[in-house]
Structure formats: structure tokens, C-alpha cells
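Below: the structure, in C-alpha cells.
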There are 2 protein chains.
Amino acid sequence: MSVHCQKCPLRRRPAFKQLTEDELSFMDSFKMGELHVDAGAPVILEGSNSPHFYTVLRGAGMRDKGLADGRRQVVNFIFPGDLVGLQSGLLGEMKHGVEAVSDMALCVFSRERLWELFRQHPERAYDVTWLAATEERSLGEALLSVGRRAAKERIAQLLIYMLRRAVESGFTKDEARMRFPFRQQDLADAAGLSSVHTNKTLQALRRQGMIRLDAGELEILKPAALGELAEYSEPVDPPGRPLL
Amino acid sequence: MSVHCQKCPLRRRPAFKQLTEDELSFMDSFKMGELHVDAGAPVILEGSNSPHFYTVLRGAGMRDKGLADGRRQVVNFIFPGDLVGLQSGLLGEMKHGVEAVSDMALCVFSRERLWELFRQHPERAYDVTWLAATEERSLGEALLSVGRRAAKERIAQLLIYMLRRAVESGFTKDEARMRFPFRQQDLADAAGLSSVHTNKTLQALRRQGMIRLDAGELEILKPAALGELAEYSEPVDPPGRPLL
DNA sequence: CGGAGGATTGAGAATCTTCAATAAACGTGG
DNA sequence: CCACGTTTATTGAAGATTCTCAATCCTCCG
């Protein structure tokens, strides 16, 4: 029993762009069903060529890439509203995997109908492109972090980013606090650090009273100081984020 | 005196998707003119909000991001056929800059007419999205490199990638060799390494007879060995790359 | 209660950085 | 065509950040 787009709880959030009744009913017809994935399980395998792509309805996850010897890079974290699996829809093969970090629910779309969307709903097509460009922007930011920032700056940047995404997407109600189902290893793999050094860096941030991170919860205690450390600039996405 | 799309030399290359006469004449009307930029000069400034976006016609460049204290990350290298400045067209502001490494020529498009393209030419809109997704894929690959690969592997990966792009885009005729206008500092900023260490890494690759890099030219002498080092997998982009 | 996965800690080792100096390459004007 | 200034490449050495190893602790769960 999957949720109809017309009464999708996500769409009620102000962070997302509102659609007209007509658009909603098209999206509803576009939606094939829902996928529910347990925490820790893969949503999409790297290298796969799935006939579906998805919008995250509930829960958080991550995109990651692996090397043959087990080294892993987390490419981005995923929150409600994110479009996932577009690569296989457009390019034929996923070059990163997606896994659930908490239990997730995703709306399922058929890649075959993507073309129909482009032809019949240019506004939705524009939205897809908007999301792709935004994802590219995030990866650019991550690349700058991993390539040029020191460990403490990277972790600061990541935590701020994750909290912002969590707030915008409604993953958390609180402005400064969120449920944090990620492991330190996940942070490490996103920051390009070892888990040991990530742990020590987190300790340092705690000692400075910048953050709290325990019992599966993250709180940013000194947003200004942490933001300065990360040299973080709020991206200005004036209109609501599109939601497929 | 700018080139008409109908007789664009780039389009003749097999690597690019062919358009019909109708499509070509639309693209030609879409094209506002040409921009010529000298080597070393900026094409787009980070943080700018330009009314234009571009397709690279000739020459090579790079996308980069900077931090306040001067640290810089090269986010990607740019070759003919690449779409540049789409971020400002879609999202309102460039989060990376673009600079010319050799003299460049670019076709100029108006961001205002991007919407018209989406509405009236869904196939071209699809192409734009394809290009955005491909760019995202490249950044993911770069992120994996910088985050998890050792220096030698990173440089190997970069050189292979650059040569492949150069070949596909027609920047070079040769399969194993290219004109190489980039500085070691640029490689370093792309790999997330210091220029000193980049230099020493290049020496090591030379000593192993893997590459030749001098006199502004790069040659890959042992593609198999270098590819294995980089754990490089050829991306399969079966149909031609779209060219706006 | 026992086990498993994750967090934490300490210590030694490695990769990579920074500093600083020299050499080579390149472009420009005479 | 040469001298000269500027940029880029190269090299050595010392130092720092970050990594690996390995042990311990903790928490959660069946």
C-alpha cells in the first residue's frame, strides 16, 4: 500500500517545490510503487543496470564506490527527497552503489518512462536536471574538502552539511540536532580518512565544545565556530528543491 | 565570425552524437556567438552568475574551486565538447570557476533560452541532463581517487583519464600521446597533492617507463601497466556523447 | 551470558608536506 | 640571436599529518 503523491508527507515540507494538482497526478501515475530497504542493506549495487530509479521517501543512506582491495569512498549522503539511480537511467550503469543507513522507503520509477517525462513534462525534466546539477555541486564541495582541507576541517564540513541536509529534508525536526545512524567508519570513508583518525578528530571537536555525538545523535553546539573552521558557505537555493 | 553548427568541425567526430538538419539549425539559432579566451585567463569566475553558458569548441581548460587562504582544488579538466557554466544556468551561481589552460574557443548560449530548449526540444534537454550526469560521474571517480588512492595511483588515474578525454574529444589525433598544456601544479591540485610530491611521483612513473611527460607533451608508454596501477575501468558510453 | 560490531586509545611507521635552494624553460625586448 | 626576468620543474632534507596495528572497552541484542 504505497502513498499517493497527492498526499505525500514530504511534499508538505516548505523546503520542497510545490506542484499543481495536474502535475501531482502525473507523478502519481509515474510512480510504480515503493521499495523498502532495511538499515545496512544495499539499495543499488555499484555497476548494476537497474530498470528503476528512485526518490527517497524516508530514511537516510549513502552513495559509495569501492576499489578491488576493499578501499571505499563514500561519495555523498542521502536524505529524503534525493533522487537515486538516475545514472543507470541516463547512462546505463551505476558507477556508485547506494546503501541504506537507516531503514528506507523509496518511490520507484521506471527508467523506460524517463523519456516520456522529458517529452511530456519539460518542467519535471528541468527538475531532474536541477537535481543532477545540485548533486554535481555537492561532489565538487566534497572533492575540495578531501583534496585540500585538513582532517578537522573535513569533518566539520561534513557534519554541517549533513545537518543542513537533514533539516531541509525533514529528516530531523530540530535545527541543531539530528538522529545520526552513520558509523564513524562512514564519516571516515566520506572524508578520505582512516576511522582511527576520524575518531580522534571527533574527540578534538568534542573537547572544543563544538559538537556532541553520542547515543546515535549529533548536535552542533557552536555552529558559528564550526562553520568558520569548515569555511562553509550556505548554498543559496532560493526556490524549493524539486521533488520528483 | 563564428562557425555555424551545421559545419562545426567538432560534430564530425565519431565520438559525438549526430544531429538531424532540423536539430542543427535549431542549435545554430540557439548559439549566440563565440567566446575566445587566452591561455591562463578565466572563462567563468567562481561565485559568478553569468547570463551565459558554453560548449567548448577548441582548447582545454579546468574547473576549480578555491579556499580563502589560497588552497585550490581542480575539480575536473575540460576538453572540446564539454558543457560549461550550466550550474549558473540552472542553479543561479557557479560554485566552481573555469579557466583556460590553452587558448580556448567556446560557443555561447543564453541561459534565458535554456528553458525554451527544455520545452521545445526534449531530446536536447535529455542531452543536457546526460552531460550533467556524466560530469557527476567524473567527479565521483575523482573523489574516489583523492580520498582513497595513493599518490602514484592518483596520478596514473588522472593521466589516463586526461588522455582518454583528449582522444575522444579530438583534442589530440594520437591514441597514446597528447599536447599537455597543464602545469604540474594543476595536476597536483587535481590529485590533492603538493606540487613537490606530484613531481616526485611523476619521476617515479617515468623511471618505470610508464609515461613520458616533457616539452609540453604527454605519452603513455605502458597503458596496461598504468591502467592496472590506477585500477582504471573504461567507462562504456556506447552512443556518442551529446554535443550541444 | 556471550558474541558482534563499533568506539576508543596508544605507539610506531609511512606518506606526504613544507621549506628552501637550484636548475631549466620560456617569453620579451634589445 | 642573445641577455634577462619570470615561470615552472627539480631536488634534498626536516617535519607533520595521517595511517596501520593491535589491544581494550563499550553497547546492544539474541
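The chains referred to below are lettered A, B, ... by the order of the sequence lines, with proteins before strands, and numbering in each begins at 1.
Of the listed nucleotides (D:dT20, D:dT18, C:dT18), C:dT18 has the atom at the smallest distance from the side chain of B:Ser194. With distances taken from any side-chain atom of A:Arg206 to the nucleotides D:dT18, C:dT18, C:dT8, the minimum falls on C:dT8. The side chain of B:Asn199 approaches D:dA9 more closely than any other nucleotide in the set D:dA13, C:dT8, D:dA9. Closest approach to the A:Val196 side chain among D:dC21, D:dC19, C:dT17 is made by D:dC21 (side chain taken as heavy atoms from C-beta onward).
Note: CD (B:Glu153) to P (C:dC16) measures 9 Å, nearest angstrom. For B:Asp189 and D:dA9, the CG to P distance is 12 Å, given to the nearest whole Å. The CZ-P distance, from A:Arg183 to C:dG6, rounds to 5 Å in whole Å. Taking atom CD1 on B:Ile155 and atom P on C:dT15, their separation rounds to 16 Å, with Å as the unit. Straight-line distance from the CG atom of B:Leu205 to the C1' atom of D:dT10: 16 Å, rounded to whole Å. Whole-Å rounding puts the B:Leu218 CG to D:dA9 P distance at 13 Å. In this entry the distance linking NE2 of A:His197 with P of C:dT15 reads 17 Å, nearest Å. The distance between atom CG of A:Asp214 and atom C1' of D:dC28, rounded to the nearest whole Å, is 15 Å.
Side-chain N or O atoms of B:Lys222 include one that pairs as donor or acceptor with a backbone N or O of B:Gln208 at under 3.5 Å.
B:Glu153 has its side chain out of reach of B:Glu231: every pair of non-hydrogen atoms, C-beta onward, lies at least 4.5 Å apart. Between B:Ile78 and B:Val98, some side-chain heavy-atom pair lies under the 4.5 Å cut-off.
Toward the 5′ end of DNA chain D lies the nearest nucleotide of B:Leu202, the other residue of the pair A:Gly192 and B:Leu202 mapping further downstream. Both A:Arg148 and A:Lys200 sit near DNA chain C, but only A:Lys200 has its closest nucleotide nearer the 5' end.
Side-chain N/O atoms of A:Arg207 include none lying less than 4.0 angstrom from OP1 or OP2 on C:dT8. In this model, the phosphate group of D:dT10 is approached by a side-chain N or O of B:Gln203 to a distance below 4.0 Å at OP1 or OP2. Phosphate contact (OP1/OP2 of D:dT10, side-chain N/O of B:Gln184, threshold under 4.0 Å): present. Between C:dT17 and B:Arg71, no contact under 4.0 Å exists linking OP1 or OP2 to a side-chain N or O.
Within the nucleic acid shown, A:Ala151 comes within 4.0 Å of sugar-phosphate atoms alone, with no base atom in reach, counting heavy atoms only.
Note that CG of B:Asp82 is 8.0 Å distant from CE of B:Met104, once rounded to the nearest 0.5 Å.
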Go through the steps to decide whether A:Arg165 and A:Ser169 satisfy the test side-chain hydrogen bond (donor to acceptor under 3.5 Å, both in side chains), and finish with yes or no. CA-CA 6 Å; A:Arg165 292 297 325 279; A:Ser169 66; 5.5 Å; no
